[in-house]
Number of protein chains: 2
Amino acid sequence: MPSPTNTVGSSTYERVKRDVIFGALAPGSKLKLDGLRERYNASVSTLREILNRLASEGFVVAAEQRGFFVKPVSKDDLVEIANLRILLECSALETSIMSGDPDWEGNLVAAHHKLHLIEQKMLDGDQSQKELWKRYDWEFHQAMISACNSQNLLALHGTIFDKYLRYQMLVLTYRGAPAIEDHRRMLDAALARDVDTAVSVLEHHIRKGLEHTLKAMGDTEDLI
Amino acid sequence: MPSPTNTVGSSTYERVKRDVIFGALAPGSKLKLDGLRERYNASVSTLREILNRLASEGFVVAAEQRGFFVKPVSKDDLVEIANLRILLECSALETSIMSGDPDWEGNLVAAHHKLHLIEQKMLDGDQSQKELWKRYDWEFHQAMISACNSQNLLALHGTIFDKYLRYQMLVLTYRGAPAIEDHRRMLDAALARDVDTAVSVLEHHIRKGLEHTLKAMGDTEDLI
DNA sequence: GTTTGCAATAATATATGATATTTTGCTGAT
DNA sequence: ATCAGCAAAATATCATATATTATTGCAAAC
């Protein structure tokens with residue numbers, strides 16, 4: 001099998017983005033080219049390309065002539081992100097359910113199964129695999145909307161999802177059983193082609209997550 | 001007044017983006033670094049930064065190890081873009097109308113006035129200012145949704161609008177009087193805080209534009 | 001004690017050239 | 001026509017140089 005043969009640029013891009021999302025690079029912190037060069041073992045030119053990409057996606061802020069900063073967080077921003085996620089994901093879900101084929105159903109069931117397995121572990125107190133858990137969460141939501149017939153919509157949703165994820169990682173708390181229940185209900189509704197139920201559960205799911213994260217941010221006011 | 005003091009990077013970025021949107025750089029064409037260096041009088045490093053930005057916005061395609069290409073066009077892509085514009089702009093319009101203040105109304109009336117002036121010229125056969133016309137069109141739509149209270153939504157909409165605009169510029173035809181009428185009706189509905197009417201006129205406006213552009217693309221099959 | 005002004009320092013923006021790798025184009029053989 | 005293999009072209013990456021701009025530190029002034 002051919003190894004992914006990643007270029008320095010793309011693999012470092014992944015690493016930096018990941019570090020922003022998972023908080024290794026703190027919100028608002030300055031991204032000095034020289035510091036990054038050491039940290040990621042890449043040249044300044046390559047890093048500038050990466051930071052420009054991340055800036056246009058909104059994970060980084062590029063301040064003309066003053067360099068780059070990790071995008072700051074705020075409750076207002078989180079609310080905007082959550083609302084956008086609802087708008088994009090619900091819309092995609094609707095068309096996806098209406099046009100999903102057997103392959104789609106198969107992937108969906110598989111994605112839910114994997115997610116469910118790790119959710120059980122989380123419930124049992126094993127918090128050691130937060131990152132993997134979130135990846136499966138992402139894969140499940142992605143599988144749900146993957147038949148929406150719009151690459152553009154999927155791309156936009158992917159970015160928004162990652163931004164939302166950053167806030168969840170920031171407060172580092174777990175909503176637990178209710179979220180698991182949401183996923184199950186979404187799966188069932190999707191397979192039953194019950195658009196209305198699926199969409200309303202999804203919206204509820206995101207709003208509850210938003211509430212939860214906002215509350216956690218209120219308690220930990222320092223991270224802004 | 002302080003001059004904009006643009007950096008080479010940002011001003012060249014604007015130029016390249018503009019050239020993609022207005023078709024000076026043809027869809028699908030290869031963007032050779034060396035060629036661009038001559039054309040825009042910027043260094044390769046700077047140009048790579050710019051192309052990376054444009055790639056992450058979707059105006060350019062970055063093919064690992066094979067360089068950059070102007071994003072190709074297709075009817076499917078146009079349909080996706082139009083649907084996304086409807087989704088984003090209608091949602092933004094709804095909240096904007098509900099929370100617009102007097103300043104918002106003022107800007108809106110002003111934007112419509114400017115747009116209307118140039119639309120009349122277009123109707124009279126003066127097609128010399130397509131670019132200015134499209135700028136005013138953008139400013140009007142932007143003014144409508146500017147009170148939506150979401151920077152994230154406005155940013156996303158801006159990008160989608162530009163992509164939609166590229167298709168319009170590509171086929172280079174003018175929908176004329178009906179579009180002018182749409183704008184007037186949207187303005188009136190917005191000022192009357194009639195959300196339903198405004199939103200449905202907007203959706204109709206975009207769908208008609210889509211139809212029109214699709215038809216023009218069908219006739220000029222060569223540009224793909 | 002706070003503010004102002006300015007020099008010293010640091011960091012960014014941009015350009016250029018060098019190297020390794022990859023892709024592309026071409027030639028000739030099958 | 002197809003394919004292998006080589007030469008030319010282009011990209012990806014890096015290091016380095018320079019000009020410009022931003023930041024910092026400190027002394028002088030209020």
Side-chain angles (χ1 to χ4, degrees), chain A residues 1-20 24-72 224, chain B residues 1-20 24-72 224:
Chain A
M1 60 188 289
S3 70
T5 313
N6 277 332
T7 62
V8 174
S10 61
S11 66
T12 307
Y13 164 80
E14 296 297 342
R15 286 174 61 202
V16 178
K17 181 169 170 177
R18 190 176 155 291
D19 284 349
V20 170
L25 295 171
S29 62
K30 179 78 199 282
L31 294 167
K32 291 210 192 84
L33 278 311
D34 236 34
L36 297 181
R37 218 197 53 227
E38 291 186 9
R39 175 167 184 158
Y40 295 102
N41 280 96
S43 73
V44 171
S45 343
T46 303
L47 284 164
R48 284 187 58 91
E49 289 180 20
I50 290 168
L51 294 179
N52 271 289
R53 279 168 77 181
L54 290 171
S56 97
E57 291 176 63
F59 294 101
V60 156
V61 175
E64 196 100 313
Q65 238 108 23
R66 299 198 307 112
F68 301 89
F69 301 80
V70 177
K71 167 95 179 181
I224 301 172
Chain B
M1 59 189 288
S3 71
T5 314
N6 278 332
T7 62
V8 175
S10 62
S11 65
T12 307
Y13 164 80
E14 296 296 343
R15 286 174 60 201
V16 178
K17 180 169 172 179
R18 190 177 156 289
D19 284 350
V20 170
L25 295 170
S29 62
K30 180 78 199 283
L31 294 168
K32 293 213 192 84
L33 277 312
D34 236 34
L36 297 181
R37 218 196 52 226
E38 291 185 8
R39 175 167 183 156
Y40 296 102
N41 280 98
S43 73
V44 171
S45 349
T46 303
L47 283 165
R48 284 188 59 93
E49 289 180 21
I50 290 168
L51 294 179
N52 271 290
R53 280 168 76 180
L54 290 171
S56 96
E57 290 176 64
F59 293 102
V60 155
V61 175
E64 197 100 310
Q65 238 112 20
R66 300 198 309 112
F68 301 89
F69 301 79
V70 177
K71 166 97 180 179
I224 301 172

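All chains are named by letter (A, B, ...) in the order of the sequence lines, taking the proteins before the strands, and each is independently numbered beginning at 1.
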Touch class at under 4.0 angstrom, heavy-atom based, for A/Asn52 against every strand present: nothing

Length of the CG-P vector between A/Asp34 and D/dC14, whole Å: 14 Å

Between B/Asn6 and B/Tyr13: side-chain donor-acceptor atoms closer than 3.5 Å: no

Residue mapping more 5' on DNA chain D - nearest nucleotide basis, A/Thr46 or B/Leu31: B/Leu31

Distance, nearest 0.5 Å, that separates CD of A/Glu49 from OG1 of B/Thr46: 10.5 Å

Atom pair distance, as rounded to whole Å: CG in A/Leu33 and C1' in D/dT16: 14 Å

For atom CD of B/Glu64 and atom P of C/dT23, their distance in whole Å: 10 Å

Residues B/Ser10 and A/Glu64: side-chain donor-acceptor under 3.5 angstrom: yes

Rounded distance (Å) that lies between atom C1' of C/dA13 and atom CZ of A/Phe68: 10 Å

Rounded interatomic separation in angstrom, taking CG from B/Leu47 and C1' from D/dA10: 15 Å

Distance in Å, B/Ile50 CD1 paired with B/Ser45 OG, rounded so as to fall on 0.5 Å steps: 10.5 Å

C/dA13 OP1/OP2 closer than 4.0 Å to side-chain N/O of B/Ser43: no

Interatomic distance, A/Glu49 CD vs C/dA13 P [rounded to whole Å]: 14 Å

Presence of A/Arg66 side-chain N/O under 4.0 Å of D/dT23 phosphate oxygens OP1/OP2: yes

Which nucleotide in C/dA15, D/dA12, C/dA11 has an atom nearest any side-chain atom of A/Lys32: C/dA11

Distance in angstrom units between B/Asn6 CG and D/dT21 P, rounded: 13 Å

A/Gln65 side-chain proximity, nearest of D/dT13, D/dT11, D/dT21: D/dT21

Under-4.0 Å side-chain N/O to phosphate OP1/OP2 contact, B/Ser45 with C/dT16: no

Side-chain N or O of B/Lys30 closer than 4.0 Å to phosphate OP1/OP2 of D/dT11: yes

Rounded distance in Å - CZ (A/Arg48) to C1' (D/dC14): 15 Å

Check against side-chain contact (heavy atoms from CB on, under 4.5 Å), A/Phe69 and A/Lys30: CA-CA 4 Å; A/Phe69 301 80; A/Lys30 179 78 199 282; 3.2 Å; yes

